[in-house]
Amino acid sequence: MALTPDAPPVSVGVLREHGAGERRVALVPEVVGRLVRDGLSVVVEHGAGEAAFFPDAAYEAAGATLGDGSAVLAADVLACVRVPDAGLTASLHRGQVVVGLLALGGHAEEAHALADAGVVALDLALLPRTLSRAQTMDALTSQASVAGYRAAIVAAEAFGRFFPMMITAAGTAKPAQVLVLGTGVAGLQAIGTARRLGAQVTGYDIRPSSADEVRSLGATFLQLTSTPAGAGEGGYARELTDDERAAQQAELAGHVARFDVVITTAQVPGRRPPVLVTVETVAAMRPGSVVVDLGASDLGGNVEGSVPDERVVTPGGVTLVGAGNLASELPTAASSAYARNVAAVLRAVVREGRLDVDADDEVVRAIRVPPAPDTAIADPAPIEGATA
Ligand code: NAD
């Protein structure tokens, strides 16, 4: 990212995030300092880092300038966490680059607004996870890891008993029994955190390769007999058939009721999250049990009855936590990791001090929307069940 003599530095803008409940910020002062030393200029909207505990003064000390929204929107590259709403996008200019966890597959209106404005969107939600070169850019992983940690903390906080075994003069408390359904990045982090809090933990996933990962964390792997292995392409899970899903739900129902805490993280890329815990299964759980549904969103979640960003106590005394955006609840850690992912993307598209979004670069090719210069946007792969 060395600066070309006489060329104006490539400017990077950081907006204050507008999404409801969003506390993360796309760049943090430490990373801004590195970008400025590399020859970029960074303009940060007043208060952009406030909710993540990064004050304006820290950005200034790192070499950024502070500005209002319009100054930020004029930058060559706009770094954001979530997709800017279509109103903001209207003031962007042709050739500008927007980098973020845009999830354009679920945001058709914003995707079209960006394409209409001639903006090049680099959607980190499309990043190929298995390319080793892309690992430093892998915001899905960094944010899932934060969310998984937070899920265990939220569960412990909502649970009316201890997670660890407690031996006191007043008697002995048994350790909490925790079940984690879906043991990808977030699930493994939830397992590790629940174990560190002293719970006895069991994990389950339909990808057979995850069993060893679960056991390596000192947890027990739950082996279902009714559901065939569900490994799909690229290390992800495949979607189960209706019959497989029904069999899985029925067999899981027999296990779930003996756990105090259930944390669900199951996802299938581009699809609605699978329902793993039905209303009947929740009704069979003991009063005081806690279920944290990390997959809860407007598309539905892994747990029937969970509501995104809400905590519901069922008539049977089970607390359902619909955990919509858990990474945002740990905004300092989530933003710090995310900023390093964004900086890695910037390193790939700023060469010798010039903005150069190379359409032949395999990473750029995978995350760029629209895919090539002057190509009208094809509807980005929609998430099944999403509305525009
Ligand atoms: P994800 O968020 O897509 O899904 C979470 C978990 O849910 C996955 O483990 C998946 O197998 C599981 N799941 C889906 N449907 C299920 C069902 N019906 N029942 C039970 N479990 C179900 O996954 P992720 O956390 O993004 O990870 C996906 C894969 O990518 C994993 O294999 C992970 O190790 C891999 N990965 C690799 C890299 C890398 O190589 N750099 C980085 C990140 C993730």
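Order of listing sets the numbers, starting from 1, for every ligand and every atom in it.
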Short list, please: which atoms of ligand 1 are under 4.0 Å from a heavy atom of [X]?
X: T183; result: 9 (O)
X: A237; result: 10 (C), 11 (O), 13 (N), 14 (C), 15 (N)
X: D138; result: 42 (C), 43 (C)
X: T141; result: 42 (C), 43 (C)
X: Y236; result: 3 (O), 26 (O), 28 (C)

Does L252 reach the side chain of L224, with side-chain heavy atoms less than 4.5 Å apart?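 Yes, their side chains come closer than 4.5 Å.
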Side-chain heavy-atom pair N302, P274 within 4.5 angstrom cut-off: yes
Is V268 in contact with ligand 1, taking contact as a heavy-atom separation below 4.0 Å? yes
Could you tell me whether a side-chain N or O of [X] sits under 3.5 Å from a main-chain N or O of [Y], the two making a donor and an acceptor?
X: Q96; Y: L73; value: yes
X: T265; Y: G182; value: yes
X: S328; Y: G21; value: yes

Any protein heavy atom nearer than 4.0 Å to atom 34 (O) of ligand 1: no
Checking contacts now, so for atom 4 (O) of ligand 1, which I'm interested in, is there any protein heavy atom under 4.0 Å? yes
Does [X], backbone or side chain, put an N or O under 3.5 Å from an N or O of ligand 1?
X: R207; value: yes
X: Y204; value: no
X: V185; value: yes
X: A186; value: no
X: E213; value: no

More than 12 non-hydrogen atoms from neighbouring residues, nucleotides or ligands closer than 6.0 Å to OH on Y149, yes or no?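 Not buried by this count: 12 neighbours or fewer within 6.0 Å.
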Hey, could you give me the OG1/CZ distance between T183 and R207, rounded to the nearest 0.5 Å? 6.0 Å
May I ask you to identify the nearest protein heavy atom to atom 26 (O) of ligand 1, giving residue, atom name and distance to one decimal place in Å? R129 NH1, 2.8 Å
Following the transitive rule for hydrophobic clusters with a side-chain heavy-atom cut-off under 4.5 Å over Ile, Leu, Val, Met, Phe, Trp and Tyr, establish whether L131 and L124 coincide in one cluster.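 Same cluster: L131 reaches L124 through Ile, Leu, Val, Met, Phe, Trp or Tyr contacts under 4.5 Å.
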Over 60° means perpendicular and under 30° means parallel, so classify the ring planes of Y59 and F54, tilted if in between. perpendicular
